[in-house]
Amino acid sequence: MSFRLKTILGIAMIEMSVMAILILVNQLNLGGTARAQLFERVNATGEVFATMVADAVISTDLATLDAMIENTLSNDELVYLRVRNNGGIALSAGGDAGALEQPFVADPAYDQALPDNRIDLSLPIQIAGQSYGSIELGVSTLAVEAEMAKALQWNLAVAGMGICLVAIFGYLLGSVLTVQLSSLQRGAQMIARGDLETRIGVRGRDELAETARCFNDMAQSLAEERVALESKQAELVEKKDHTDLIVEVMRMIAKGETAVEVPDADRADEIGDMARATVVFQNSMDENRAAREEQARLIHAFDQLEEQVVLYDTNERAIFLNTAFYRFNEAILEQLPEDFTRQQFLEEGLRQGSYPSAVGRETEWLEMRLHCDPEDDVPIEVHRAPDRVLLVRQTHVADTGIIVSASDVTELKKSQAQLVQASKLATLGEMATGVAHELNQPLGVIRMASNNCMKRIAKGQLDAEYLTSKLQRMADQTERASQIINHMRIFGRKADGEERTFELRASLENAAKLMGTQLSDHSIALRRALGEADVFVTGQQVMFEQVILNLFSNARDAIMSTETGASEGGEISVQLETHDADTISVIVEDSGGGIPEAVLDRLFDPFFTTKEPGKGTGLGLSISYGIIGEMNGTIGATNTDRGARFRIDLPRAEGAAQDAAA
């Protein structure tokens, strides 16, 4: 539907609505007035007629009533008249017979008279307030209705003429309005077809003219935007080509191709940013490739190591193990998944009996291995069935996990045991003179006692009490010699490598007895402050006594190397100190002048010695350091005002000692 037609129809609808309202108002006003006037006129006619017939009704003058009714019915509006007395008897009637035959029903208002087009009224006949009867009359409403219908026809005719005039003026107005709109329509169609150079004429200064000017401005803007868009499109196509090239270069780099040149890295736009990001990606890929190659070399290097290496992540799951680790633990690994945990590995080893030192205390041993202090990087010895000894080190690496390395030190331990045994034999050789002196004393006592007994027997002086005392003395001296020989034999035999709990004070007493005579021969006093309480530690007692004998021997040599010591002797002291409930300290001091400060840090290095060539191997303190370390203790050296001071700290084994005592 065109705008012109919409304009005409809109105006026509407005005009029709207005005319309809006017006609309705006019009809309602006219009809209401005419009907009200008719109803009032009927009432007035009835009242006049009732007054006229009052005397005739009183006198029952029927002829007069008939004449009056007939005379009144000359009014065309009256349909019928009837006069009744007080008893309701019709005295006279005239008019339409059909209406008179119908039952009389009074109409209280005009609207009730519409069904039969007749107003029916009943009025009383009264004189001086006294009723003598009533009159009934019917008045036709057709004349009023006809007048109203005629008025409606005129109103409709006037409305039709108004609508026609409005339609004509609406058509002319629509034609004027749609001229500018048609131009806008044609211009819009041209722009829709792509002709952005289209412009329309502007007429007048009204809203349509303003719309036309806006249309022309829009067309101008669209033309400019199209030029800019085409330029941008060309730029985007050019950038797309460069982007595709860079993407292809990135694909080549991702595939691992090297020496790929990245174009457009010098551009200042987003293509340049993308190219520079590609260069960064290329560098990262090169670094990753180099890292993978380095990783492969490291893995190859780890696989060539005889040392076992396994790496656990932060969740303690195995992520790498070298060939040595797999080969040594093959029986355990065959029962585990590929991503086994450290706890699973240890539990499976315990189940297979791979850790003989954990037998009988598996839970305690497992807890100790799993909950090591992350800061403690001290290696520990682990015995593996049937006869291997591993030196295990756990290293915590931040944000990576735990590296566990294990070296097979079985042969080293055997060599160390041989060195210790050789050292003990050397010590025994050094103590041979002192031991001989120790044995000569009880042998001399036995010889003298036996000679005295024989002399008494030869003289016949058989004193039982005297002989018994001599024999008891000989037995005591024999026991003393036996103890010296047994201790030498025990000290001289090879260690079995099994750790046990032993009483530390008694062990120090044994070492002092072995060295006591030799020190006395050099006028060196051995002072002991060992207390009276029993103190227990865990380790190999013979090995520990070797450490103490090494310290005594070194102290003796240091004292004898000084002028005062060579002539007057000196002093060695050994004492036990308890600092807390968990640690016990053994302190050995001498008066040998001390250790040069420059060599204190190297004192426990293998083959390092301050003695003259031919007088020392440099292994004594190194072996001592290892023995104390195996007992989970520490050994260190400092100087005092008089000489050297060696301190050994060992963990106590109170619970084990109590169990052994029980």
Side-chain angles (χ1 to χ4, degrees), residues 417 419-439 480-495 499-522 524-560 570-577 584-592 619-628 630-631 633 635 637 643-650 653:
L419 286 172
V420 171
Q421 183 65 18
S423 177
K424 289 195 295 181
L425 293 176
T427 302
L428 287 174
E430 292 178 0
M431 294 189 300
T433 303
V435 171
H437 180 71
E438 287 284 340
L439 290 175
R480 177 184 174 189
S482 176
Q483 289 179 355
I484 294 171
I485 293 170
N486 284 335
H487 202 156
M488 293 288 291
R489 180 172 55 83
I490 292 172
F491 180 76
R493 72 186 179 189
K494 291 184 178 181
E499 294 185 350
R500 297 180 179 86
T501 298
F502 63 91
E503 206 280 305
L504 187 60
R505 185 168 54 85
S507 181
L508 292 172
E509 288 285 3
N510 290 338
K513 288 178 181 179
L514 286 174
M515 203 71 180
T517 301
Q518 189 177 138
L519 295 176
S520 297
D521 291 344
H522 294 287
I524 298 175
L526 180 59
R527 311 293 184 189
R528 287 170 285 194
L530 305 180
E532 297 181 358
D534 292 339
V535 180
F536 291 88
V537 295
T538 301
Q540 300 182 59
Q541 182 174 350
V542 174
M543 303 285 277
F544 175 74
E545 291 177 4
Q546 174 63 32
V547 173
I548 301 302
L549 288 174
N550 282 340
L551 295 180
F552 286 168
S553 178
N554 288 341
R556 178 202 64 196
D557 293 343
I559 292 172
M560 295 303 297
E571 181 179 294
I572 300 174
S573 67
V574 57
Q575 58 182 329
L576 283 177
E577 289 186 359
I584 188 74
S585 298
V586 178
I587 300 173
V588 177
E589 295 184 1
D590 62 55
S591 58
L619 293 174
L621 288 179
S622 175
I623 293 172
S624 298
Y625 185 88
I627 293 171
I628 298 301
E630 291 175 1
M631 296 176 68
I635 181 172
R645 184 176 191 265
F646 286 83
R647 176 189 178 113
I648 300 173
D649 291 328
L650 294 172

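Inter-residue side-chain proximity for Gln540 and Ile627 is flagged as unmet; no heavy-atom pair is nearer than 4.5 Å. Considering only heavy atoms from C-beta on, Thr538 stays 4.5 Å or farther from Met631 through its side chain. With contacts defined as side-chain heavy-atom distances shorter than 4.5 Å, the pair Ile587/Gln575 qualifies.
To the nearest 0.5 Å, atoms CD (Gln541) and CG (Leu504) are separated by 9.0 Å. Taking CG of Leu519 as the start and OG of Ser553 as the end, the distance is 9.0 Å to the nearest 0.5 Å. Between Asp534 atom CG and Glu503 atom CD the span is 4.0 Å, to the nearest 0.5 Å. With rounding to the nearest 0.5 angstrom, the CD1 atom of Ile628 is 12.0 Å from the CZ atom of Phe646.
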Practice prompt. For Phe552 and Leu526, run side chain to side chain contact (heavy atoms under 4.5 Å, CB included): C-alpha distance rounded to whole Å, both residues' side-chain angles, the deciding distance at 0.1 Å, then the answer.
Written response: CA-CA 9 Å; Phe552 286 168; Leu526 180 59; 4.1 Å; yes
Worksheet item: Could you go step by step and tell me if Val537 and Phe502 meet the side chain to side chain contact (heavy atoms under 4.5 Å, CB included) rule?
Response: CA-CA 6 Å; Val537 295; Phe502 63 91; 3.5 Å; yes
Discussion item. Determine whether Glu509 and Arg528 satisfy the following criterion, salt bridge (Lys or Arg N to Asp or Glu O under 4.0 Å), listing intermediate values before the conclusion.
Written reply: CA-CA 9 Å; Glu509 288 285 3; Arg528 287 170 285 194; 3.0 Å; yes
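Among all heavy-atom pairs drawn from Leu549 and Ala511, the shortest one is CD2-O, 3.5 Å. Glu571 and Ile559 get closest at one heavy-atom pair: O-CD1, 3.7 Å. In this structure, Glu545 and Asn510 approach most closely via the heavy-atom pair OE2-ND2, 3.4 Å. Closest approach of Gly570 and Ser591 over heavy atoms only: CA-OG, 3.6 Å. Listed here is the closest heavy atom pair of Ser507 and Phe544: OG-CD2, 3.5 Å. Leu650 approaches Gly633 most closely through the heavy-atom pair CD2-CA, 4.0 Å.
Only one option out of Ile648, Val574, Ile572 pairs with Leu551 in a side chain to side chain contact (heavy atoms under 4.5 Å, CB included); it is Ile648.
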